[in-house]
Asks: 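First, the structure itself, so that you have it in front of you.
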Amino acid sequence: MSNNNLQDWPEPIVRVQSLSETCLSQIPTRYIKPPQDRPSGVEFSPPDANIPIIDLRGLFSCEDEDGGGGDGGVREATLEEILVACREWGFFQVINHGVRPELMDRSREAWREFFHMPLEEKQKFANSPKTYEGYGSRLGVEKGAILDWSDYYFLHYLPFCLKDYKKWPAQPSDCREVIDEYGKQVVELCGRLMKILSTNLGLPKQRLQDSFGGENIGACLRVNFYPKCPQPDLTLGLSSHSDPGGMTVLLPDNQVPGLQVRRGDDWITVKPAPHAFIVNIGDQIQVLSNAIYKSVEHRVIVNSAEERVSLAFFYNPKSDIPIEPLKELVTDERPSLYPPMTFDQYRLFIRLKGPKGKSQVESLKSPRCQ
């Protein structure tokens with residue numbers, strides 16, 4: 001199926017926020033997950049379990065954006081923490097990352113204000129599966145699919161040819177200005193992290209960034225709104241999946257935990273640190289690293305008492321560059337695990353199927369490597 005066939009959704013769109021506000025005692029059948037996919041207490045790790053929290057002060061404390069100064073021992077220890085997190089977890093939190101705390105707070109609250117605007121105002125920005133840009137309530141175009149308990153807003157930030165302010169919310173009044181500055185600062189953070197990830201692979205610091213297209217990368221924002229749910233044990237705010245892109249920087253809702261990361265057979269509920277970002281490896285970096293770095297399944301649970309808002313910023317390769325394992329990371333002992341595929345091709349694959357755990361990236365492996 002080509003992009004030209006993805007003109008509209010297979011069924012009428014129902015806004016989950018509207019369902020939540022009708023005070024239903026039961027959720028519609030369309031949102032009830034199969035028993036094996038529902039949140040279950042027996043899957044949870046111990047209450048004190050969490051993904052790694054990494055202080056970037058030792059890397060970003062000097063004027064040199066590569067963090068070349070300061071305490072070399074602290075720098076090496078921080079690099080090692082990030083390496084372990086990328087190899088073993090696929091997720092980590094970062095503090096002292098350089099993005100202004102007040103900008104993080106305002107960005108989250110501006111979007112909360114948007115989702116609490118009248119429905120007719122939000123509907124002006126309703127999206128379609130052709131680009132997903134705008135106000136949405138489902139992923140994937142599979143007719144009859146079981147849906148997630150969430151609404152969202154998706155927009156493009158880079159490349160500039162896709163950046164269209166008219167598709168960004170006009171209200172609240174500072175929303176577009178806030179989005180623009182937030183995107184600028186998060187892109188800078190991603191550029192720094194890419195150098196660290198590249199260095200930790202034993203590669204020149206620009207190698208991963210160059211593989212993404214240098215400055216010609218893609219970046220987009222998905223704002224997730226998870227309304228209150230009368231039966232949170234039967235559904236999910238976002239089904240289990242790994243992120244299809246390069247790297248994700250998530251601004252969580254500090255007041256209401258909901259993100260869960262798979263760790264073996266367990267699901268760890270992430271406890272956000274104050275003014276931290278949650279960073280995770282996407283499928284494209286797993287492919288480039290020849291699976292040295294791992295993109296890991298994650299999902300979102302909802303609750304009956306409180307809504308949640310989170311901002312997921314996706315830092316992606318240029319859409320038409322074939323992505324495959326870097327030649328420096330391919331050896332006789334570790335052959336190339338994945339065939340070349342552009343991000344455009346991979347993204348269309350995901351759009352047709354919706355969230356499907358780790359099945360997409362794993363299905364790309366050559367038969368001898370499965």
Side-chain angles (χ1 to χ4, degrees), residues 15-17 19-21 24 27 31-33 36-53 89-95 104-105 107-116 136-139 146-154 221-243 248-263 266-282 295-314 354-355 357:
R15 302 303 178 188
V16 178
Q17 186 176 7
L19 291 175
S20 175
E21 291 172 352
L24 295 172
I27 62 175
Y31 298 91
I32 298 177
K33 303 294 182 183
Q36 68 273 16
D37 295 336
R38 298 174 191 171
S40 169
V42 299
E43 293 176 310
F44 296 165
S45 287
D48 59 345
N50 203 6
I51 62 174
I53 300 175
W89 286 84
F91 271 81
F92 54 98
Q93 296 190 62
V94 291
I95 58 175
M104 298 170 72
D105 292 340
S107 298
R108 188 193 301 108
E109 291 313 306
W111 281 107
R112 194 186 304 274
E113 290 174 32
F114 169 81
F115 281 104
H116 282 285
S137 295
R138 68 175 291 163
L139 296 173
I146 299 174
L147 303 178
D148 291 334
W149 191 262
S150 60
D151 297 326
Y152 65 88
Y153 202 107
F154 179 86
L221 177 69
R222 177 184 148 118
V223 184
N224 307 296
F225 184 80
Y226 304 104
K228 299 175 186 178
C229 179
Q231 294 178 298
D233 56 324
L234 297 182
T235 191
L236 289 168
L238 189 56
S239 296
S240 174
H241 67 288
S242 63
D243 287 349
T248 304
V249 175
L250 178 75
L251 176 61
D253 191 321
N254 284 335
Q255 306 304 314
V256 190
L259 174 65
Q260 292 188 326
V261 174
R262 183 181 283 281
R263 179 73 165 165
D266 296 327
W267 287 99
I268 292 177
T269 301
V270 176
K271 303 165 188 63
H275 291 118
F277 282 115
I278 298 169
V279 179
N280 66 280
I281 301 299
S295 66
V296 170
E297 280 183 80
H298 50 287
R299 68 184 188 184
V300 177
I301 57 173
V302 292
N303 68 74
S304 59
E306 297 182 274
E307 68 185 32
R308 293 182 64 249
V309 177
S310 67
L311 282 63
F313 194 89
F314 303 109

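Just so it is clear, the model here is predicted, and its values are computed rather than measured.
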Asks: Scan side-chain atoms only and decide if H275 and N254 contain a donor-acceptor pair under the 3.5 Å cut-off.
Replies: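 The criterion, which ignores hydrogens and geometry beyond distance, is not satisfied for N254 and H275.
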Asks: Are C229 and I27 side-chain neighbours, meaning at least one heavy-atom pair lies under 4.5 Å?
Replies: yes
Asks: What are the two closest heavy atoms between V296 and F91, and how far apart are they?
Replies: O-CE1, 3.8 Å
Asks: Would L24 and L19 satisfy side chain to side chain contact (heavy atoms under 4.5 Å, CB included), going step by step from the backbone distance to the final call?
Replies: CA-CA 7 Å; L24 295 172; L19 291 175; 4.3 Å; yes
Asks: What heavy-atom pair brings D253 and R108 nearest, and what distance separates the two atoms?
Replies: CA-NE, 4.0 Å
Asks: Could you tell me whether the side chain of D148 reaches within less than 4.5 Å of the side chain of Y226, counting heavy atoms only?
Replies: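 Not touching, per the 4.5 Å side-chain cut-off.
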Asks: Between atom CD of Q17 and atom CZ of F115, what is the distance when rounded to the nearest 0.5 Å?
Replies: 7.5 Å
Asks: List in chain and number order the residues that pass ring pair (Phe, Tyr, Trp, His ring centres under 6.0 Å) with Y152, two or more places apart in sequence or in another chain; answer none if no residue qualifies.
Replies: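 Ring pair (Phe, Tyr, Trp, His ring centres under 6.0 Å) list for Y152, sorted by chain: empty.
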Asks: Taking atom types as modelled, is there a side-chain donor on Q260 or T269 under 3.5 Å from an acceptor on the other?
Replies: yes
Asks: Run the side chain to side chain contact (heavy atoms under 4.5 Å, CB included) check on L238 and R222 step by step: do they pass?
Replies: CA-CA 12 Å; L238 189 56; R222 177 184 148 118; 3.8 Å; yes
Asks: Does F314 have any ring pair (Phe, Tyr, Trp, His ring centres under 6.0 Å) partners at least two apart in sequence or in another chain, and if so, which?
Replies: none
Asks: Looking at D37 and R299, does any basic side-chain N land under 4.0 Å from a carboxylate oxygen?
Replies: no
Asks: Indicate whether the side chain of S150 and that of N224 have a donor and an acceptor atom separated by less than 3.5 Å.
Replies: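 Short answer, no.
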Asks: Establish, yes or no, whether a centroid distance under 6.0 Å links the rings of W111 and Y153.
Replies: yes
Asks: How long is the gap from CZ on R263 to CG on N50, to the nearest 0.5 Å?
Replies: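 Rounded to the nearest 0.5 Å, the CZ-CG separation comes out at 11.5 Å.
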Asks: Calculate, to the nearest 0.5 Å, the distance between atoms OG1 and CG belonging to T248 and N280 respectively.
Replies: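 It is 4.0 Å, given to the nearest 0.5 Å.
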Asks: Taking all non-hydrogen atoms of both residues into account, name the closest pair between V223 and V309 and its distance.
Replies: CG1-CG1, 4.2 Å
Asks: Roughly how far, to the nearest 0.5 Å, is CD of Q93 from CG of L250?
Replies: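 Between L250 CG and Q93 CD, I get 9.5 Å after rounding to 0.5 Å.
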Asks: Whether K228 and E21 form a salt bridge (side-chain N of Lys/Arg under 4.0 Å from carboxylate O of Asp/Glu) is what I want to check.
Replies: no
Asks: Would you please name every residue forming a ring pair (Phe, Tyr, Trp, His ring centres under 6.0 Å) with F92, sequence neighbours left out?
Replies: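 Per chain and number, F92 pairs via ring pair (Phe, Tyr, Trp, His ring centres under 6.0 Å) with no residue.
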Asks: Heavy atoms, side chains only, cut-off 4.5 Å: are W89 and I268 in contact?
Replies: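 They are in contact (side-chain heavy atoms under 4.5 Å apart), so the answer is yes.
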Asks: If only atom types and distance count, is the side chain of H116 paired as donor or acceptor with the main-chain N or O of F114 below 3.5 Å?
Replies: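 Flag not set: sc H116 to bb F114 has no pair under 3.5 Å.
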Asks: Determine the minimum heavy-atom distance between D233 and P39, stating which atoms define it.
Replies: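 Closest approach of D233 to P39: O-CD, 3.6 Å.
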Asks: Are the side chain of R38 and the backbone of T235 linked by a donor-acceptor contact shorter than 3.5 Å?
Replies: no
Asks: List the atom of P232, the atom of V302, and the distance in Å for their closest heavy-atom pair.
Replies: CB-O, 3.2 Å
Asks: Does L234 form a side chain to side chain contact (heavy atoms under 4.5 Å, CB included) with W149? I'd like the steps, not just the answer.
Replies: CA-CA 10 Å; L234 297 182; W149 191 262; over 6 Å; no
Asks: From R262 CZ over to H298 NE2, what is the distance, rounded to the nearest 0.5 angstrom?
Replies: 12.5 Å
Asks: Hey, could you give me the CD1/CG distance between I32 and L236, rounded to the nearest 0.5 Å?
Replies: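 With rounding to 0.5 Å, CD1 (I32) is 12.5 Å from CG (L236).
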Asks: Which pair of heavy atoms, one from L147 and one from K33, lies closest together, and at what distance?
Replies: O-NZ, 3.2 Å
Asks: Would you check, one step at a time, whether the test side chain to side chain contact (heavy atoms under 4.5 Å, CB included) holds for L251 with S310?
Replies: CA-CA 6 Å; L251 176 61; S310 67; over 6 Å; no
Asks: Determine whether the side chains of S137 and D151 contain a donor N or O and an acceptor N or O closer than 3.5 Å.
Replies: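 Indeed, the side chains of S137 and D151 share at least one donor-acceptor pair under 3.5 Å.
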Asks: Is it true that atom CD of Q255 has more than 12 heavy atoms of other residues, nucleotides or ligands lying nearer than 6.0 Å?
Replies: no
